[in-house]
Amino acid sequence: MKYDFNSYLFYESSVHSPLTVKIKITLSVKINEEVLKKSAQKAFMRYPYYAHMLDVNDDGAYILKPCTAPISVKEEGAPCVLGSEETNGLFFAVTYSEDAIFFNFFHGFCGACGAMPWLKTTIWQYLTDMGYAPSSEGIYTPDSALRQGETDLPDCDTFGDELCIGEYTGGDSFLPIADYRAAYRDLDACSRYYPITIPKDALMKYVSENDGSPNSIISAAMFKMSACLFPDEEQLAARIACNYRADVGCPNTYRDLVRMLHVKYKKRMKDWTIEKLSTITRGAMFMQMQPELSRKEYKELMEFRDGIDQCATIDEKRGYAAERSLLHKGPKDTYTISYVGKMDWGGISEYVTSAFTLTEGHLIVEVNAVENQFCISFMTYGRDAEYLGAFLAVLEEEGIPYKVGGLEKRNMPKMQLK
């Protein structure tokens, strides 16, 4: 790998797949634009590895250059364009509405998990500048030093030669292709989601009683939903995001080191209990959560990026990346689940009322959490509520309480490349 680790995902970004992330944090206080502009800049300076702009060098490769321009802060409206003059060339931007702050960024630098410290620093600084007195417990304040391992990268030379116990297989599963085709005819319909909240105590009680985890329970519920809507399909499957930073020796790194676990469900399982489905799900996840598989995947990533380096021009590099992208590697699955994990909001917890993570895609469920509730972004293509209704019917059947909002625009950030 010849260049900055964070520069390589730019080759895989496209108009239909810009690989951007947006996180909506709703606060118990109103947003003051002028204060937020100053607070966001103070907080952003704590994370110098984000302050870069994109360029192309004489070898025809994307490179990242330090950028001292301020982070863009504006009212939520038309999607911001990361990497453009609008965002001062940065691939991070902040937008806001009455009581919400939206954090917009490119996936090449980090995912939702890696971005959380930046979110918390920004919110803490804003509350402080507004005259509140949030504790700095669990917060990296703007003047705090980088923690040990914060910018680490894995070193393949330190990996052992241990063999995997086995790999989970099962082949491709049903995809709602008609939904994807319709989405290309109505791009506006592609960027919508339903916000769902579930009381934390209620869900964790249910998880405990049904031998599960939030991931396995939600995956089982999504299978029940899919089996209801596609009763004739022989195999339905989940993709579950797995953060493998610790497996490759970088537990504290901000970088996006995520791979996908696959869980296959058969038609005959449609009437199984959630508890039984959860057990199947956890077993499949356990088989795939071997550190050896993480190290194998990271080595494949390095080989793929070395192949990009061998190409002579930007166009050749982008073509190579599109054709061989590891983002589309592996079996096809019906839906995707991504769970940030237990989130400690520290001294700002009393001010944060909800947190919704948004990404591009269809039948994607992003799960976040605040002090008292889980926040689920239920993302679909299309404007009808068929999928939502079937999913909520499963929650009702299981006695899991919830609240759901109306269909909202994701308003995902776009990208401008050189």
Side-chain angles (χ1 to χ4, degrees), residues 111-113 164-177 179 198 203 206-244 247 257-294 296-297 326-341 357 359 361-368 374 376-380 387 390-391 394-395 397-398 400:
C113 183
C164 302
I165 297 172
E167 295 192 37
Y168 194 72
T169 59
D172 292 344
S173 299
F174 171 75
L175 283 175
I177 296 296
D179 295 347
I198 299 176
L203 184 59
Y206 182 89
V207 165
S208 176
E209 291 174 349
N210 288 273
D211 187 31
S213 66
N215 264 337
S216 68
I217 293 299
I218 292 173
S219 181
M222 288 290 287
F223 164 67
K224 287 271 194 180
M225 173 203 78
S226 301
C228 171
L229 296 176
F230 308 109
D232 297 328
E233 296 303 327
E234 289 299 325
Q235 181 166 278
L236 301 162
R239 278 164 47 101
I240 301 177
C242 172
N243 188 312
Y244 68 91
D247 291 348
L257 298 173
V258 174
R259 60 188 180 91
M260 291 296 173
L261 313 179
H262 306 275
V263 184
K264 310 298 177 186
Y265 304 98
K266 299 295 184 180
K267 178 180 177 180
R268 59 183 171 78
M269 300 178 182
K270 65 184 179 65
D271 295 322
W272 286 14
T273 64
I274 290 285
E275 180 177 14
K276 189 172 182 180
L277 291 169
S278 174
T279 300
I280 294 294
T281 306
R282 296 187 78 184
M285 292 173 64
F286 180 77
M287 171 66 77
Q288 296 166 82
M289 290 175 68
Q290 301 172 62
E292 292 80 12
L293 286 174
S294 297
K296 176 183 176 184
E297 179 133 338
L326 301 184
L327 299 176
H328 309 297
K329 166 193 136 177
K332 302 296 185 292
D333 298 311
T334 312
Y335 55 86
T336 302
I337 296 169
S338 180
Y339 173 39
V340 170
T357 301
T359 53
H362 179 45
L363 289 185
I364 292 182
V365 177
E366 292 274 358
V367 185
N368 215 317
F374 283 93
I376 297 175
S377 307
F378 189 91
M379 292 173 276
T380 67
Y387 288 105
F391 179 71
V394 176
L395 298 186
E397 184 177 343
E398 298 302 317
I400 299 174

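- Note that CG of Leu229 is 12.5 Å distant from CZ of Phe391, once rounded to the nearest 0.5 Å.
- More than 12 heavy atoms of other residues, nucleotides or ligands lie within 6.0 Å of CE in Met269, so this atom counts as buried by the packing criterion.
- In this structure, the separation between CG on Leu236 and CG on Leu175 is 10.0 Å, given to the nearest 0.5 Å.
- Heavy-atom minimum distance, Met289 versus Cys242: CG-SG, 4.4 Å.
- Each side chain to side chain donor-acceptor pair (under 3.5 Å) pair with one or both residues in residues 225-234, not counting sequence neighbours, would appear here, but there are none.
- The salt bridge (charged side-chain N to carboxylate O under 4.0 Å, His left out) analysis of residues 275-287, with sequence neighbours excluded, yields the pairs Asp211-Arg282.
- Inspection of the Glu297 and Tyr244 side chains reveals no N or O donor paired with an N or O acceptor under 3.5 Å.
- Side chains of Asn210 and Ser278 form no contact here, defined as non-hydrogen atoms less than 4.5 Å apart.
- Residues Ala227 and Lys270 share a closest heavy-atom pair of CB-CB, 3.7 Å.
- Gln288 contributes atom CD, which lies 11.0 Å from atom SG of Cys164 (distance to the nearest 0.5 angstrom).
- In this structure, Thr380 and Asp179 have side chains that are not in contact, with every pair of non-hydrogen atoms separated by 4.5 Å or more.
- Side-chain atoms of Leu363 and Pro176, non-hydrogen and from C-beta on, do get closer than 4.5 Å to each other.
- With Tyr387 contributing its side chain and Met379 its backbone, the two residues share no donor-acceptor pair below 3.5 Å.
- Thr359 OG1 to Ile364 CD1: the interatomic distance, rounded to the nearest 0.5 Å, is 4.0 Å.
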Practice task
Report the C-alpha distance between Thr281 and Ile240 in whole Å, list the side-chain angles of each, state the deciding distance to 0.1 Å, and finish with yes or no for side-chain contact (heavy atoms from CB on, under 4.5 Å).
Solution key: CA-CA 10 Å; Thr281 306; Ile240 301 177; 4.2 Å; yes
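- In this structure, CG on Leu261 lies 9.0 Å from CG on Leu293, to the nearest 0.5 angstrom.
- Contact check for Phe378 versus Met222: side-chain heavy atoms found under the 4.5 Å cut-off.
- Heavy-atom minimum distance, Tyr168 versus Val263: CE2-CA, 4.0 Å.
- At least one donor-acceptor pair closer than 3.5 Å links the side chain of Thr334 to the backbone N or O of Ala237.
- With a 4.5 Å cut-off on side-chain heavy atoms, Asp333 and Lys264 count as touching.
- A 4.5 Å side-chain heavy-atom check between Lys224 and Leu277 finds at least one atom pair inside the cut-off.
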Problem - Candidate pair Thr169 and His262, rule side-chain contact (heavy atoms from CB on, under 4.5 Å), full reasoning - result: CA-CA 8 Å; Thr169 59; His262 306 275; over 6 Å; no
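- A pairwise comparison of heavy atoms in Pro231 and Cys228 identifies CD-O, 3.7 Å as the closest pair.
- Closest non-hydrogen pair, Arg259 versus Asp247, comes out as NH2-OD2, 4.4 Å.
- Of all heavy-atom pairs spanning Asp172 and Pro331, the tightest one is OD1-CA, 3.3 Å.
- Within the 4.5 Å cutoff, the side chain of Pro214 has no heavy atoms near those of the Val367 side chain.
- Scanning for ring-ring contact (aromatic ring centres under 6.0 Å, His included) contacts around Tyr265 gives Phe223, with sequence neighbours left out.
- Side-chain contact between Thr336 and Val365 is absent, with no heavy atoms from C-beta onward closer than 4.5 Å.
- Using modelled atom types and a 3.5 Å distance limit, the side chains of Lys266 and Gln235 yield a donor-acceptor pair.
- A 6.0 Å sphere centred on CD1 of Ile165 holds no more than 12 heavy atoms belonging to other residues, nucleotides or ligands.
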